[in-house]
Amino acid sequence: MTYPVCICTILQRTKLGAGTDVCWEEQGMTTQPPELVEFRYELVEDGIGHLIFDMPGRTMNVFSNRAILEAEAVADWLGSSGLKGLVVSSGKTTAFCAGADLGELAQAYAMIIAAPEDQRWQIGRDHFSPIGRAFRKLETAGVPVAFAINGLALGGGCEFALSGHYRVLADTPSTALGLPESLVGLLPGGGGTQRMPRLVGVEAAMPVLLDAARLTVADAVAAGAAHRVVPAGQEIAACVEWIRSNPQPIQPWDRADYRIPSSDEVSAQLVELRRSRQEETGGHYPAITSILDCVEYGLPLPIDAAVSKEIDIFADLIKRPEPRDMISSLFLGKQIWQKQRKTGTLPEAYDSIAAAIRQSWANVATRFEPADVEAAVRWARLSATILPGGPIQPISDEALGEHPGIAPTGIWIDAPQGQDQIIAGALLGVAVIAALENGGDLDADSCRAADFHSQSAAGFPAYLGGPFALYDSIGSDGVRRLIAPLGN
């Protein structure tokens, strides 16, 4: 409930006696925030509020669509709240926040792809921009905001914390800051590509942004991403202590003396990194390029324009198939696989699929020169050594049936060109058939887990998700095009 500026009649009569008219502002009192579900709110002491991230029914906080909207509502309220400062902490014992709700993100991808192609970028931008907008509002509300972090603050949780003016970390082995979005084909879309390098410098930020490196409590303070480390359980008190000192709630990049680097300066810092990452990935992991673009084209801009540039680039990336397929296998599939392993229920089909994929690749390899197969494997970034095995075997497409693809991928797999791509496409096509022949009875969750297993056990390239993800992406006709050069 949101109370008006002057205390309501019920509270007047309860606390002050009937007929007493007292204005909250005149008494130095504060208003209540908007209605919250994913967060809780309380007063720590007079004038200092405490926002607790505590999603109902979850052991771990994630940034759901509702949590993002509530964070923005709190930021909108904060400037007129009457607070001297706000402490933000987690109500969970497991972590501060694990990042985005990737299940909701997968649903958003489906919504974007279902739209006409010329509308997808704007739909994606409109859908994902609230998180960056919320965090920018929070840091410019004119009220000191301190984050008390015990446990992991990853992805959107880390970006949330970076929008605060002060960060206190609990001295525990599990407490760390990180931006692991690149692992699932994404980039931090809540200002992370802009605030992290502004705080710690480009060189120190790149492993966090590109390789999902985590900043331990000592690393975070030394680099400038956090301000103080205290024994576990004292982090909220340390935040309150800071607020009592009447700090100025202004971020470094909003200060008049902040120096924005030139485009040439930033580009010079990234040119060698761009070259090495292109060589390493072959350009198959667009999140890497997109993150580098965010830094190169965002850092030379004022922060508002930089955050806008970040979401522009995010909207381009989210339309692509790689994030969808990497989320499906490397996040959802991995979670399912780990749960099955923990309970001893891993289907034998996973190993059968991986073995069949390796055998199908050996069969393809018998049809080409070894050097040509090696070049194709290297080009497509299969993490496997493929040697010819036995006589040429016929390839049946019966298992493919008739299955429509989601949409053209816009990448090389749609229409391979040149010998490297043609051989690589054939290898991937027969892998799909091998997976269908050995795992056709798996349910959707187990198909995701099998995709994850196929990456680690067979060497299927992560950017394509896995054989089942590829089948869903390009459909039966797309797979038939890939294997067409092999004849029968």
Minimum-distance pair of heavy atoms, taken over all atoms of [X] and [Y]:
X: I149; Y: A161; answer: CD1-CB, 3.6 Å
X: A153; Y: C158; answer: O-CB, 3.2 Å
X: L270; Y: L292; answer: CD1-O, 3.9 Å
X: R58; Y: K92; answer: O-NZ, 2.6 Å
X: I357; Y: S454; answer: CD1-OG, 3.8 Å
X: I318; Y: A315; answer: CG2-O, 3.5 Å

Using a cut-off of 6.0 Å, state whether more than 12 heavy atoms not belonging to [X] lie near its atom [atom1].
X: E272; atom1: CD; result: yes
X: K319; atom1: NZ; result: yes
X: Q338; atom1: CD; result: yes
X: E348; atom1: CD; result: no
X: D443; atom1: CG; result: yes
X: E265; atom1: CD; result: yes

Look at the aromatic rings of [X] and [Y] and report parallel, tilted or perpendicular, splitting at 30° and 60°.
X: F63; Y: F135; answer: perpendicular
X: F460; Y: W361; answer: parallel
X: F39; Y: F53; answer: parallel

With a 4.5 Å cut-off on side-chain heavy atoms, are [Y] and [X] touching?
X: D472; Y: D325; result: no
X: L105; Y: F331; result: no
X: H284; Y: P461; result: no
X: L273; Y: L210; result: yes
X: F468; Y: L436; result: yes
X: L317; Y: P323; result: yes
X: T409; Y: E322; result: no
X: W412; Y: Q417; result: no

Any donor-acceptor N/O pair, [X] side chain to [Y] backbone, under 3.5 Å:
X: D101; Y: E104; answer: yes
X: Y463; Y: A380; answer: yes
X: T175; Y: D171; answer: no
X: R195; Y: G190; answer: yes
X: N61; Y: M55; answer: yes
X: R120; Y: A115; answer: yes
X: Q419; Y: D372; answer: no
X: Y350; Y: F452; answer: no
X: E38; Y: V62; answer: no
X: S290; Y: I313; answer: no

CA sep, side-chain torsions, deciding dist, call: D451, Q455, side-chain hydrogen bond (donor to acceptor under 3.5 Å, both in side chains) = CA-CA 7 Å; D451 278 344; Q455 293 177 27; over 6 Å; no

key: Derivation of the side chain to side chain contact (heavy atoms under 4.5 Å, CB included) call for V432 and L400   = CA-CA 8 Å; V432 171; L400 293 174; 4.2 Å; yes

Check this for me, if you would: do [X] and [Y] make a salt bridge, where the nitrogen-to-carboxylate-oxygen distance has to be below 4.0 angstrom?
X: K309; Y: E296; result: no
X: D445; Y: R448; result: yes
X: D293; Y: R274; result: yes

Supply the atom-to-atom distance [X] [atom1] to [Y] [atom2], rounded to the nearest 0.5 angstrom.
X: S476; Y: R481; atom1: OG; atom2: CZ; value: 9.5 Å
X: I336; Y: C447; atom1: CD1; atom2: SG; value: 10.0 Å
X: S360; Y: I353; atom1: OG; atom2: CD1; value: 11.5 Å
X: L154; Y: E159; atom1: CG; atom2: CD; value: 11.0 Å
X: L179; Y: I291; atom1: CG; atom2: CD1; value: 8.5 Å
X: I311; Y: H127; atom1: CD1; atom2: NE2; value: 10.0 Å

message = For the residue pair N363 / Q359, report whether a side-chain donor-acceptor contact shorter than 3.5 Å exists.
response = no

key: Q251 and E139: side chain donor to acceptor below 3.5 Å   = yes

task = Report the C-alpha separation of D76 and K137 in whole Å, then their side-chain angles, then the decisive distance to 0.1 Å, and conclude whether the side chain to side chain contact (heavy atoms under 4.5 Å, CB included) test is met.
result = CA-CA 7 Å; D76 286 334; K137 287 180 177 181; 3.1 Å; yes

Residue pair V364, V373: steps toward the side chain to side chain contact (heavy atoms under 4.5 Å, CB included) verdict = CA-CA 9 Å; V364 170; V373 174; 6.0 Å; no

Mind listing the side-chain donor-acceptor pairs of residues 212-219 below 3.5 Å, one per line with the distance, residues two or more places apart or on another chain?
residue	atom	partner	partner atom	Å
T216	OG1	D219	N	3.2
T216	OG1	D219	OD2	3.0

key: Those residues that, when tested against E280, pass salt bridge (Lys or Arg N to Asp or Glu O under 4.0 Å) (two or more places apart)   = R277

task = Determine, stepwise, if the pair M206 / D211 fulfils side chain to side chain contact (heavy atoms under 4.5 Å, CB included).
result = CA-CA 8 Å; M206 286 300 99; D211 304 320; over 6 Å; no

